[in-house]
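Below is one structure, written out as structure tokens, with a few remarks after it.
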Amino acid sequence: MSSFSNNESRLTPFGHASTGLPDPGDASVMQAHLENQSLKAQIVTQTQLTHLLTHQLATPLTALGGSVDLLADPDLAVAHRQEFLVVVQQQVQRLQNLLQDLKSLRNLETGTLETNPVSFCLKGLVEEVVGTLPGSQVGYNLSADLPLVRGDRWQISQVLINLLSNAVKYSPDDGLIEVGAARQPSGWVEVWVRDHGLGIPASDQPHLFERFYRVQHRDRHTIQGTGLGLSLCKLLVENQGGQIGFESTHGEGSRFYFTLPASDR
Ligand code: ADP
């Protein structure tokens with residue numbers, strides 16, 4: 001055997017010389033290696049989240065700082081004062097929404113979000129939520145034989161609010177939005193929100209439910225958001241035992257859907 005092949009098969013204290021992996025035969029070293037890899041992955045995720053959160057805080061704070069400086073000018077015209085106050089209100093609201101979303105995410109991830117599953121009429125909830133979106137054109141497509149569904153009514157309302165607000169936000173002003181629901185052959189109820197707006201580029205689609213993920217395309221660079229809404233929806237739907245997904249064509253529109261258990265299942 002040549003010295004080259006001898007070296008190749010020799011183990012280092014941290015693993016196999018040729019692969020960099022520990023000897024799979026040594027269970028404790030392998031276990032330590034896997035834990036090490038998992039910790040490294042967690043550190044990378046935390047660093048990315050801190051980076052994204054910093055960005056989410058910086059934008060409204062810059063706008064707030066600028067407006068407050070201008071408002072401090074005693075000679076500022078009344079019309080301008082009003083204009084800058086609106087900016088302040090909007091940015092404070094944006095920070096409050098961010099905080100609320102972060103709190104809900106934390107409570108879901110730590111299992112401390114209070115969940116009260118009840119049987120309720122989906123049509124009533126959908127109409128209630130649509131009523132909170134003034135000025136938008138929402139059409140209903142709720143099947144006539146819709147059974148009662150089971151889940152935490154408030155949490156499901158948050159999912160509907162997020163999906164409907166996104167449909168409105170990423171559509172032209174006169175864009176038609178549809179909210180629908182029907183029982184599936186599996187016995188589960190599928191709820192969907194369809195729009196004919198911007199749609200989602202294919203390359204962004206695999207990442208859409210990741211925390212803080214936002215599509216960086218020029219067709220939406222003026223539309224504000226935190227990139228938390230869909231990750232929150234996913235956790236909320238899964239908290240009811242359901243699943244969430246979407247179909248979308250960039251430039252044509254999207255259909256987001258989720259499933260809920262029917263109470264007579
Ligand atoms: P946000 O809207 O705050 O950025 P979300 O998590 O709700 O965060 O959505 C993530 C991204 O997915 C958005 O930045 C947006 O580009 C895209 N998106 C979500 N819903 C729609 C939709 N109905 N139509 C087009 N794009 C959407």
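Whatever order the structure lists ligands and atoms in, that order sets their numbers, starting from 1.
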Atom 17 (C) of ligand 1: nearest protein contact (heavy atom, Å): V215 CG2, 4.0 Å
Element-labelled atoms of ligand 1 that are located less than 4.0 Å from some non-hydrogen atom of K169: 1 (P), 2 (O), 3 (O)
Numbered atoms and elements of ligand 1 in range of T226, under 4.0 angstrom, heavy atoms: 1 (P), 3 (O)
Side-chain donor-acceptor pair present, Q137, D174, cut-off under 3.5 Å: no
Atoms of ligand 1, numbered as shown, that sit under 4.0 Å from any heavy atom of S254: 24 (N)
Contact check, L208 vs ligand 1, heavy-atom distance below 4.0 Å: yes
salt_bridge(R255, E190) N-O dist < 4.0 Å: yes
Modelled atom types, side-chain donor and acceptor of N97 and T226, under 3.5 Å: no
Contact atoms of ligand 1, heavy-atom distance to G227 under 4.0 Å: 1 (P), 3 (O), 4 (O), 6 (O), 8 (O)
Main-chain N/O of F246 paired with S248 side-chain donor or acceptor, under 3.5 Å: no
Check: Q224 main-chain N/O paired with K169 side-chain donor or acceptor under 3.5 Å: yes
Protein heavy-atom partner closest to atom 4 (O) of ligand 1 - residue, atom, separation in Å: R214 NE, 2.4 Å
Which residue and heavy atom of the protein sit nearest atom 26 (N) of ligand 1, plus the separation: R220 NH1, 3.1 Å
Under-4.0 Å salt bridge between E247 and R194: no
Donor on one side chain, acceptor on other, Q240 and Q155, under 3.5 Å: yes
Test item: S171 side-chain N/O and V168 main-chain N/O as donor-acceptor pair under 3.5 Å: no
From D101, N166, L98 - option closest to atom 20 (N) of ligand 1 by heavy atom: N166
F256 contact mode with ligand 1 (heavy-atom cut-off under 4.0 Å): side chain
Residue part near ligand 1, for L228, under 4.0 Å between non-hydrogen atoms: backbone
Minimum-distance protein heavy atom relative to atom 23 (N) of ligand 1: D195 OD2, 3.0 Å
Within reach of ligand 1, part of H217 (heavy-atom separation under 4.0 Å): neither
Atoms of ligand 1 close to Y213 [distance to a heavy atom under 4.0 angstrom, numbered from 1]: 10 (C), 11 (C)
Protein heavy atom at shortest distance from atom 6 (O) of ligand 1: L230 N, 2.9 Å
Option nearest atom 13 (C) of ligand 1 (shortest heavy-atom distance, choices Y170, F246, F209, F212): Y170
E128 with R153: basic N within carboxylate O range, under 4.0 Å: yes
H207 side chain to D204 backbone, donor-acceptor under 3.5 Å: no
Donor-acceptor side-chain pairing of W192 and E178 below 3.5 angstrom: yes
Per-atom contacts of ligand 1 with I200, taking only distances under 4.0 Å to non-hydrogen atoms: 25 (C), 26 (N), 27 (C)
